[in-house]
Each structure stands twice: as C-alpha cells, then as structure tokens.
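These notes are about the structure you will find just below.
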Amino acid sequence: MANEQDLMEKIVSLAKRRGFIYPSSEIYGGINGFWDYGPLGVELKRNIKDAWWHDIVRCPATGPDGRPIQMVGLDCSIIMNPKVWEASGHVVNFNDPLVDCKQCKARFRADKVFVACFYDQAAYKALPPGDTQAHLNFVRNPAYRFGVEADDESQVQAAAVAGANSDTRRKLESGKYEFRLPMRVDRLKPSDPLAACPACGGELTDARKFNMMFKSHAGAMEDSASLVYLRPETAQGIFANYKNVLDTTRIKVPFGIAQIGKAFRNEINPRNFTFRSREFEQMEIEFFCHPSQADRWYEYWRDARFKWYVDHGLKSTKLRLRPHEKDELAHYARACADIEYEFPFGVSELEGVANRTDFDLAQHQKCSGRDMTYFDDETKERFIPYVIEPSGGVDRATLAFLCEAYAEDEAPDEKGAMQKRTVLRFHPRFAPIKVAVFPLVKKDGMPEKAQAIYQACAKHLAAFYDEKGAVGRRYRRQDEAGTPFCVTVDGETNQNGTVTIRDRDTMQQVRIPGDNVLAYVRERLHI
RNA sequence: GCGGGCGUAGCUCAGUGGUAGAGCGUCACGUUGCCAACGUGAAUGUCGUGGGUUCAAGUCCCAUCGCCCGCUCCA
C-alpha cells in the first residue's frame, strides 16, 4: 500500500509538473472537488474523447445482429427544465434527510424513523457490572433493537408494540421485556449500529440529503419559480430528446444516441485526485432496442466497452468486469455491470453498463404527457423501447490511462551509468504530442531544417519543436510527456537529408529521410 | 460527515521564537556532436488564508481552506 501511495503521489506530482492537471483556482487555495487540465492534459483528454466519438458515433462497429450499429450524436444543454429532474427522480424529497437500508434497499425519511429496544430485563441484569463492552453489545444485539416509522416520538412505543409479534407482546406484558431508548434515527451518531430498518431490521446508512444537484436560478428573480439545476448526468437530456431524434433522422430501433458532456454532483466527499470530482465529464450512450432484444444488447455493450479499454492499453489484469448483484441494482435497472480499473488507490469504476428497461422513457411519458412509444412498421408493433446505457467517466478514463502509462525504467547517461527514467507509455492514439523535432545543436543550419520538418508535421498531427539545452534532456522531457517519437536533425542531415527518429519505449534510433518523417510517424501510430 | 496526518520556490523537502534555505527544475549567455553534460549568471516566496500570544511567529495558540490516509458515502 505504501508503494501504491507513493506511486499515486508521483503521478499527481508529474501531472502538475508537466502540465497535465492542476488544482482548480489554485492561486486562491483551490476548491475541493474541481480540477483543471493543463496544456498536455487537455490534449490527452481530448484524444480520449475523440477516439470514443470516432469509434461510437462516426465509425460504429457491427452489432450482434450482424448489421452496422445505428448511432447518432447529441449535445444537450446543461440546464434544463426542472421537470426533467422531477420525472427522473432526482428531485425526490428535496429537503428531507433520507436513510437507506443496506440490506433491503428500502428508503425512509430519517426524521420519521425511530429506533428503540425491547430489553430482556433478566439478561440485562445478568451482564457483568462495569463491563462497558458487554453492555454495548447487549444494546446493539439485533434480537432486541428495532426500527419503526412514526410521526413523532410519542407514537413510537404504540407503533412498536403494534408491530411486535405476540411472543414479544407477552414478554412486555409480563415485565420480562422493557421498552427503552426511543431515538430519532437522524439524531444518532453517524453509522451508529443501533440504526435499524423498520422493514427488515437491517443496518441503515447515515441520514443525508440525497439531492446532490447544484442549484442556480434562471432569470433575474431568485425565487422558487426560477430554480434550476445543473444536470447531474447527461442521460436525461438524451431521453428528453429521444422523440426529436426519432422524428428528424429517419433512424429506426435499434439505435443509440451518444453524448459527451459535463455533469455536476455536489459530492459530500470528493477524493482520489480527479477520480471523484464535483464537476466531471461523461461519455454516454443510450441505446434503444426492443424489450426482447435488451439482454442481447446489454451483453454486447458490456463486452464491447470492456474491450475498448483493453484495446487502448489498459492491462486486462488491472481491469475487472463486475456484474451487480440483484440487491445492488438501482430501482430502474434490470442488469448492470461495472467496468473497474485497479488504480493505485484501489479498484474503482470507470464505466457502468446498465439495462435501464423502459423506466426512463415511461417516466417521461407519464410526466410530460408526450407519447414515447415506437411503432415498428414491419411488425406493426407499438412499444416503449428498452434502454441499454454504457456510461463512462471521461476524467476517470483519463486518470486510468495516465496511471497505466506511468512507468519508470533505466537508461544509460552520457557516461554510461544507468539513470532512472520516467516515461508515460500512452497508447499512440492518446499521446498528447505525437512527434517532437529537435536540432542536435543550435548551429550549422540545423534549427532551420528542424523547423521545416516540424511545420510539415504540425499541419497533420500534434507536434512539438525544441532546441533548448542538451538533446538528452530534451528526450527525457518528451518521455515524461509520453511523446512516441523524437526526430533529431544532425550533421548528417546536411549531407544526405536523413534524420534520426527515436522510439519512446525502446529508445532505439533509426535513420530515415527527413521528408519521410510524417509518413513514418503516421504509419507507426496508425493515425 | 467522523478520526488521523500534512500545507515553506514550478517539483521534492530542510528549517532550534531572532536576516527565507537546499537539491532538482526553469530562464539567459558561453560551450556542445545523441539520452537528465559543463561553466557563469538570473528569476521565482504575503512560509495555504485569517486572527491571536510575543519586543519579535515559517516556528506557539485558535479558526478556516486545501491535500493525503482510514472509516463512511457514491441515488
């Protein structure tokens, strides 16, 4: 763990030092949960988004039905009519503290749930005096404690007795049991094991407001009528536009709508560098299909998305595909799998693939009054499509690729002694800079020739020119930026026009004609 | 949210209540001949922020913000 912690610190440090990721508004002390991407970071992140958009929208694969996948893009506004969030369930119980049962997943208003105990007097008196732990264990024994829903404290005992079984009631009447310790659940200390679910007796989570949406006001008046939310997910914008897309594109089920965009969640506890941020970017597909085909499409997208991460360099040994257990599923989902990556700080979710059924469209149909059904002209069938949702975090993917790329190896210095080298082994598609061009020294016309090669490359791909300091240092700098190739103009260039081109990972150099640099790089990087 | 640790130069970090420091990095000039070269010089700090104690605070106290770790949480 110490090593992993060191590794994460090195990555954070490198990210800052080389301009990948900075703390947001750092000159004012930063702000918890917000991050900025620097010059290299913005290229990395953009490359990831571009690759996703290309592979999903522009050039989609063949689906499980043997036909090319139908996919269109969308870019929705961040602020929408608040009714969207009422329909989606995000606004539920806005002001009320809520608790969830960890066991049965039921949700209650914390100020309406009380916990108490029926003490077994005989057992209680038999406890060794002065043994605090024994008393605590006694009180927390699930056999005695219970939760009950009641409007206020005065009703707790009656409600508890009414809910008790006949055996318990007899013991209460005979004085063997005593009613004790009624306590509102949101007044317990966080995570107090006394908290018990009124439905099943299971352990409850801490009381908290579940609404994590950032709020603002649209218009001049800051009243409840002007209240709006920053979207906490991009999905609802797609559902809200589902009918528009159907009506304007001649697209047919099965098809998908893809979107990349910012979302905002007022996380209680941002943590782990950019992994859990309050402002983040999602790349998300809502794939609409016939209910009978949903399982098949779910499996297809789950496996396709997993493979995408593997194909772009995440080691399969560090990736997990974790299907959710039945009791772990959200209320709207019939199946869900997380694609997880083994970050230095632990295994965490990169992307979730869920079968959301017709929950969202049915919800919007109900709340908006608009018809969300689809009519299949071939089968003459009318239905609300099921939705398969692969939803990935762009910032999480960026962080995963950054962590995966980070490597330290050894390289000989000028005198032949081995020195530690830090190198980012990015997939070529993601490397922020594809090729760097150097003159070996700043004389004999080398800078001019190098500039010409740089200019030719820069028209087609991300290139970088550097003539400062020793060439070895420039190589190492590019290693830390993850640049796959470095081109050096030297004395021989003057004689025959050839340059050296150095590979980031092997550090081997080959001589090629200066005119061939662009073609060479494009061929090797498949771009 | 709770508990613990830490905030000093771009990075990593020293710093005993008494002049603000090192290594690396950055920049300039010179030198150069392929993997963090060398020489000379330079820039960079409200010591996270705000109060307090003191003749004097980077150092002690309080608050606050941020980061890290553990727990919790992540519809």
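Per chain, numbering begins at 1; letters A, B, ... match sequence-line order.
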Item to complete: Measure from the side-chain heavy atoms of Arg276(A) and tell me the nearest of C74(B), C34(B), C68(B).
Response: C74(B)
Item to complete: Could you check whether the rings of Phe401(A) and Tyr309(A) sit parallel, tilted or perpendicular, using 30° and 60° as the cut-offs?
Response: parallel
Response to the item:
Atom CZ of Phe264(A) and atom C1' of C74(B) are separated, to the nearest Å, by 18 Å
Discussion item. Please determine whether a side-chain nitrogen or oxygen atom of Asn32(A) lies at a distance below 4.0 Å from atom OP1 or OP2 of C67(B).
Written reply: yes
Worksheet item: For Ser13(A), which contact category applies under a 4.0 Å heavy-atom criterion: base, sugar-phosphate, or nothing?
Response: sugar-phosphate
Practice prompt. Report the nucleotide, chosen from C69(B), G33(B), C35(B), that has the shortest atom-to-atom distance to any side-chain atom of Arg476(A).
Written response: C35(B)
Worksheet entry | NZ/NE/NH1/NH2 to OD/OE distance under 4.0 Å, Arg511(A) and Asp490(A) | yes
Worksheet, complete the sentence: Of Glu26(A) and Phe34(A), the one whose closest nucleotide on RNA chain B sits nearer the 5' end is Glu26(A)
Discussion item. At less than 4.0 Å, is any side-chain N or O atom of Arg271(A) found next to OP1 or OP2 of C73(B)? Yes or no.
Written reply: no
Discussion item. Under 4.0 Å, counting only non-hydrogen atoms across every strand here, what does Gly19(A) touch: a base, just sugar-phosphate, or nothing?
Written reply: nothing
Worksheet item: Counting any heavy atom closer than 4.0 Å, what does Glu349(A) reach on the DNA or RNA strands: base, sugar-phosphate only, or nothing?
Response: nothing
Worksheet entry | Arg265(A) side-chain N/O to C74(B) phosphate OP1/OP2 under 4.0 Å | no
Practice prompt. Assign Phe438(A) to base, sugar-phosphate, or nothing according to its heavy-atom contacts below 4.0 angstrom with the strands shown.
Written response: nothing
Worksheet item: Do the rings of Phe430(A) and His427(A) sit parallel, tilted or perpendicular, given the 30° and 60° boundaries?
Response: tilted
Item to complete: With the side chain of Thr500(A) defined as its heavy atoms from C-beta on, choose the nearest nucleotide among C69(B), C74(B), C34(B).
Response: C34(B)
Discussion item. What contact category does Asn272(A) fall into here, base, sugar-phosphate, or nothing, at under 4.0 angstrom with non-hydrogen atoms?
Written reply: sugar-phosphate
Discussion item. By nearest atom, which of the nucleotides C34(B), U26(B), C69(B) is closest to the Arg477(A) side chain?
Written reply: U26(B)
Item to complete: If the plane angle is over 60° it's perpendicular, under 30° parallel, otherwise tilted; pick one for Trp297(A) and Phe287(A).
Response: tilted
Worksheet item: Taking only side-chain nitrogens and oxygens of Lys442(A), does any of them come within less than 4.0 Å of OP1 or OP2 of U31(B)?
Response: no
Discussion item. Check this one for me: any side-chain N or O of Asn266(A) less than 4.0 Å away from OP1 or OP2 of C74(B)?
Written reply: no
Fill in: Closest nucleotide among A75(B), G33(B), A37(B) to the Asp444(A) side chain
G33(B)
Worksheet item: Considering only G33(B), U26(B), C68(B), which nucleotide approaches the side chain of Arg473(A) most closely?
Response: U26(B)
Worksheet item: Should Arg17(A) be listed as having a side-chain N or O under 4.0 Å from OP1 or OP2 of A9(B)?
Response: no
Discussion item. Any heavy-atom pair between the side chains of Pro439(A) and Tyr465(A) that's under 4.5 Å?
Written reply: yes
Worksheet item: Side chain of Arg502(A), base of C35(B): donor and acceptor closer than 3.5 Å?
Response: yes
Worksheet, complete the sentence: From the candidates C68(B), G33(B), C35(B), the one with an atom nearest any side-chain atom of Lys443(A) is G33(B)
